[in-house]
Structures are given as structure tokens and as C-alpha cells.
Amino acid sequence: MVQKAFVDFVCQQGWASPTLERLAGDASGRRYWRVRGGVGGGGESRDDVSSLPLVLLVHAPPPEDVGTFFRAGHYLRSVGLRTPHVYVYDFSRHLALIEDFGEKNVYGMLLRGGRAGRKRMLYECAIDVLATLHSRSKGDKQALFLPPYDMEALQREHRLFVDWYVSACGVTLREKDKQNFLDRWRMLLDPVVRGLEETGAWVVTLRDFHADNIMFLADELPPRCCGLLDFQDAVRGSVAYDVVSLLYDVRVPQDSAMRHAMMERYMASLPEGERETFLHHCALFNSQRLCKIAGIFMRLAMRDKKEGYQHYMPRVMALLEDSLEHASVASIKEWFERYLPRDKRLFHKELVGEGDG
């Protein structure tokens with residue numbers, strides 16, 4: 001049931017009798033409706049958004065940070081990328097009307113059903129978005145409003161794995177065993193995140209750059225043909241994070257040849273001397289991110305009753321187990337073998353027969 005206040009808000013912008021069509025939600029507390037029909041009610045909106053063909057109503061109550069969403073969207077547009085326009089916002093009611101990129105051009109849907117040539121084009125566009133963003137945002141003082149992806153933030157994410165995924169496996173860890181996991185990650189990542197801040201080598205990291213958060217806009221030229229969604233959690237971080245988020249997407253399988261080609265395409269945008277460091281960062285943040293996702297998805301299932309996320313868990317664990325074979329994260333693999341051996345893990349790939357696509 002749509003709240004009357006939401007309908008009233010839309011009517012105030014020029015709709016006479018709008019229909020609000022609820023869209024599927026995500027892992028956040030935001031809710032979305034597609035606004036349809038009923039144009040021409042004599043609203044007082046100076047922007048006359050009622051004449052626009054595709055508009056979304058967004059409800060983003062606390063603790064959602066809509067201020068960062070607006071500022072991040074403005075920044076991304078300033079460096080030549082494409083984000084939804086915000087037409088109207090009511091801070092007191094946490095409501096907004098924003099541009100709707102449509103419903104049939106989500107990257108995830110196109111990649112799942114597309115032919116090899118189409119998939120390659122889509123991945124190339126997305127990789128070029130990251131190359132553009134990273135080259136234009138590196139150390140940019142205009143992006144200092146974004147928080148750093150520092151050890152405090154990373155350690156909160158590491159706790160998700162030991163508190164939720166490990167618990168779901170029925171394994172009871174002592175607090176010192178959990179702390180051992182956090183300490184191993186600190187040893188690996190603290191030099192990385194401190195170095196980025198000290199040298200100004202950080203870039204704007206979207207942190208949720210995956211196929212279901214990208215829209216293909218056929219009427220735009222690259223890199224604006226990728227419409228970006230869910231960038232309100234952007235931070236100052238490593239160039240590697242969003243690259244592995246895209247290429248090791250837990251929602252859309254990729255073959256190894258495509259992944260290798262896209263890594264090469266991205267590295268072509270880097271100075272020769274930075275490639276080795278980039279690959280090391282990729283190995284670190286790929287494992288770190290997959291541990292976080294395993295914890296988040298189990299928390300969504302167990303605490304929030306959003307059990308649909310368990311559908312992705314076999315692939316999460318397949319990718320995570322493969323990632324732990326990299327020498328850069330040998331100490332994390334050792335922790336797994338000691339405290340969470342394979343026969344104790346939920347959804348591991350031998351158990352469910354799921355490998356890396």
C-alpha cells in the first residue's frame with residue numbers, strides 16, 4: 001500500500017492522479033516507485049517534472065545519506081559520467097523524484113542473456129567508465145567530501161564475515177580468533193590505505209559497481225552510455241576495488257578469457273610502473289570484498305529475512321575460495337584452513353557443484 005503522503009508529494013509536482021509502481025528493492029533501506037500517468041494536475045513545480053517521460057519516486061529515510069548521493073552524483077557528472085538527475089527533493093519527508101533510466105537496459109539482464117560480442121561491448125564500456133573516473137579523480141581535492149576507505153571502515157566489513165557467515169556455518173569462534181582474522185587483514189591492507197592517502201594516489205571508488213547497478217544508455221556516447229546507480233557509498237580508495245567488483249561479480253558469471261581481456265584493457269590506462277601494484281591490490285580487494293559480501297548476504301538472510309540473497313552464495317564462495325589461492329592473501333587462506341576448514345563452510349563449491357563461470 002502506497003502511503004498517501006507519497007502520492008501527495010507526486011501530485012504537488014504536477015500529476016493529477018499518478019500511479020506508483022513499486023520496484024524491487026536492494027540491500028539498502030531505500031524504496032523506489034515508477035511514476036506513471038495522470039499528468040497535468042496543475043502542480044506548482046517550477047521544473048515541471050510531470051512532463052518528463054520516466055521518473056522515479058525515491059523514499060530514503062535515515063540512516064540513508066541522501067546528501068552524499070546528491071553530491072556524489074554532481075561530482076560524477078562533473079568528470080563526464082552519467083548519473084540520474086534529481087528533479088525534486090523534500091528533505092523533511094526524505095522523498096525525491098529522480099530520472100528513471102528505464103527497466104529493460106540493466107547491465108545484469110543484458111549480460112545474462114546476451115551474445116559474446118554484445119557482452120564484450122558492455123564490459124568495455126564499463127571498464128572505460130572506471131578508467132575515466134580514476135584518471136580524472138586521482139587525488140582530486142573536489143572529491144575530498146568523500147570519506148577515505150580506511151582501516152576503520154574495512155575492519156567493520158571484516159567483522160561481517162566472522163559475525164554472520166562463520167556463525168551461519170555453525171562454527172563458534174573465540175573473540176581472539178575473530179580478532180586474529182581482523183589483524184591479518186590489517187597487516188595486509190593498512191600499508192595500502194595509508195599509502196593512498198599519504199601520496200594522494202587515491203581515486204573515487206564507487207564501491208558498489210556491479211552489473212545490476214549499471215544501465216546501458218544506447219543514445220549516449222561512451223563513457224556516458226553507462227548510467228550509474230547506487231553511488232552514495234562512494235569513498236576515496238584504490239583503483240582496484242571497482243575493477244574487481246565488476247569482473248568478479250557474484251550476480252553475473254564471467255568466463256576467464258573475458259575477465260583477462262578486460263583486465264588488460266584497464267591496465268592499458270595505467271602507467272607501466274603501476275601495473276604490478278594494481279594487480280596486487282586486485283588480489284587483496286577481491287578477497288576482502290568477497291568476505292564482506294558473504295557476511296552481508298548471510299546477515300540479510302538471517303536478520304532481515306531477505307533470503308533471496310542466498311541464491312548468490314554458491315558463487316560468492318566459489319569466487320572467494322579461488323581468490324584465496326593468490327599469494328598476496330596467503331595469510332588469509334591460512335586463517336581459513338585453521339579456523340574454517342572447507343568441510344565446515346556453507347555453500348562451498350564442491351558441496352554445491354558451483355564453480356567460477
Side-chain angles (χ1 to χ4, degrees), residues 1-77 82-109 145 206-208 210 212-217 227-234 251 296-297 299-311:
M1 186 70 176
V2 181
Q3 294 184 29
K4 182 177 183 299
F6 296 175
V7 177
D8 290 345
F9 174 73
V10 175
C11 289
Q12 289 165 9
Q13 315 312 322
W15 277 267
S17 53
T19 298
L20 303 185
E21 175 189 335
R22 179 73 182 270
L23 302 183
D26 54 22
S28 74
R30 296 180 300 277
R31 293 183 291 169
Y32 301 87
W33 291 265
R34 179 164 284 119
V35 182
R36 297 187 183 278
V39 175
E44 299 177 357
S45 170
R46 289 178 297 175
D47 296 319
D48 193 22
V49 295
S50 65
S51 64
L52 298 167
L54 293 173
V55 178
L56 292 180
L57 170 68
V58 184
H59 182 224
E64 295 296 322
D65 184 3
V66 292
T68 301
F69 175 82
F70 294 157
R71 294 188 70 186
H74 176 77
Y75 178 82
L76 293 171
R77 290 191 292 275
R82 187 73 164 85
T83 66
H85 293 291
V86 178
Y87 300 121
V88 181
Y89 189 77
D90 185 324
F91 281 93
S92 65
R93 288 184 281 183
H94 315 293
L95 296 172
L97 291 176
I98 69 171
E99 181 182 9
D100 182 358
F101 284 152
E103 56 188 330
K104 296 182 179 179
N105 54 353
V106 179
Y107 250 60
M109 179 178 67
F145 69 93
L206 300 177
R207 209 161 48 145
D208 211 7
H210 59 76
D212 287 348
N213 277 342
I214 310 172
M215 308 290 283
F216 181 63
L217 308 180
L228 304 180
L229 306 175
D230 281 1
F231 43 79
Q232 64 279 341
D233 294 325
R251 298 163 179 82
I296 289 175
F297 283 7
R299 184 179 67 178
L300 286 165
M302 298 170 66
R303 187 192 70 181
D304 303 333
K305 309 305 179 186
K306 295 182 177 181
E307 297 179 357
Y309 286 91
Q310 288 196 3
H311 169 76

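These numbers come from the heavy atoms of this one structure, side chains and all, not from hydrogens, waters or symmetry mates. Throughout, residue positions are numbered sequentially from 1 according to the sequence presented.
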field: Identified side-chain contact (heavy atoms from CB on, under 4.5 Å) counterpart of F9 within the set R93, H59, Q3
entry: R93
message: Please give me the minimum heavy-atom distance between T68 and Q232, naming the atom from each residue.
response: CG2-O, 3.3 Å
message: The test is side chain to side chain contact (heavy atoms under 4.5 Å, CB included); show your working for L56 and L23 and say whether it passes.
response: CA-CA 9 Å; L56 292 180; L23 302 183; 3.6 Å; yes
- request: Could you tell me whether a side-chain N or O of D90 sits under 3.5 Å from a main-chain N or O of L95, the two making a donor and an acceptor?
  value: no
message: Is there a side-chain hydrogen bond (donor to acceptor under 3.5 Å, both in side chains) between R77 and Y75? Walk through the geometry before answering.
response: CA-CA 5 Å; R77 290 191 292 275; Y75 178 82; over 6 Å; no
field: Residue pair P18 / V7: nearest heavy atoms and the distance that separates them
entry: CG-CG1, 4.3 Å
statement: Rounded to the nearest 0.5 Å, the CG atom of L228 sits from the CG atom of N213 at a distance of 9.0 Å
query: Looking at W15 and V10, what are the two nearest heavy atoms and their distance?
result: CE3-O, 3.4 Å
field: Exercise: identify the closest heavy-atom pair between A301 and Q310
entry: CB-NE2, 3.3 Å
field: CA sep, side-chain torsions, deciding dist, call: R299, D304, salt bridge (Lys or Arg N to Asp or Glu O under 4.0 Å)
entry: CA-CA 7 Å; R299 184 179 67 178; D304 303 333; 5.1 Å; no
- prompt: Atom CZ in F216, atom OH in Y107: separation rounded to 0.5 Å?
  reply: 6.5 Å
- request: Return the set of residues passing side chain to side chain donor-acceptor pair (under 3.5 Å) with E21 (not counting sequence neighbours), or none when no residue passes.
  value: R36
query: Has the side chain of E99 got a donor or acceptor atom that lies under 3.5 Å from a matching backbone atom of H85?
result: yes
Rounded distance [0.5 Å steps], CE in M302 versus CZ in F297: 15.5 Å
- request: Write down the atom of R82, the atom of L217, and the distance for their closest heavy-atom approach.
  value: CG-CD1, 3.6 Å
field: side chain to side chain contact (heavy atoms under 4.5 Å, CB included) evaluation trace for L229 with I214
entry: CA-CA 6 Å; L229 306 175; I214 310 172; over 6 Å; no
task: Tell me, with the steps shown, if V55 and I98 meet side chain to side chain contact (heavy atoms under 4.5 Å, CB included).
output: CA-CA 6 Å; V55 178; I98 69 171; over 6 Å; no
- request: Drop me the distance from R31's CZ to H94's NE2, to the nearest 0.5 angstrom.
  value: 11.5 Å
query: Can any side-chain N or O of R22 pair as donor or acceptor with the backbone N or O of W33 at less than 3.5 Å?
result: no
field: Closest approach of D208 to D230 (non-hydrogen atoms, all atoms of both residues)
entry: CB-O, 3.8 Å
- prompt: Quick one: OH on Y309 to CG on L300, what's the gap to the nearest 0.5 Å?
  reply: 6.0 Å
- prompt: Side chains of D100 and V35: closer than 4.5 Å at any heavy-atom pair?
  reply: no
- prompt: Going by distance alone, is a donor N or O of one side chain under 3.5 Å from an acceptor N or O of the other, for R30 and Y32?
  reply: yes
message: I'd like to know whether the aromatic ring centres of F70 and Y89 sit less than 6.0 Å apart in this structure.
response: yes
task: Could you check L20 against R34 for side chain to side chain contact (heavy atoms under 4.5 Å, CB included), going step by step and ending with a plain yes or no?
output: CA-CA 6 Å; L20 303 185; R34 179 164 284 119; over 6 Å; no
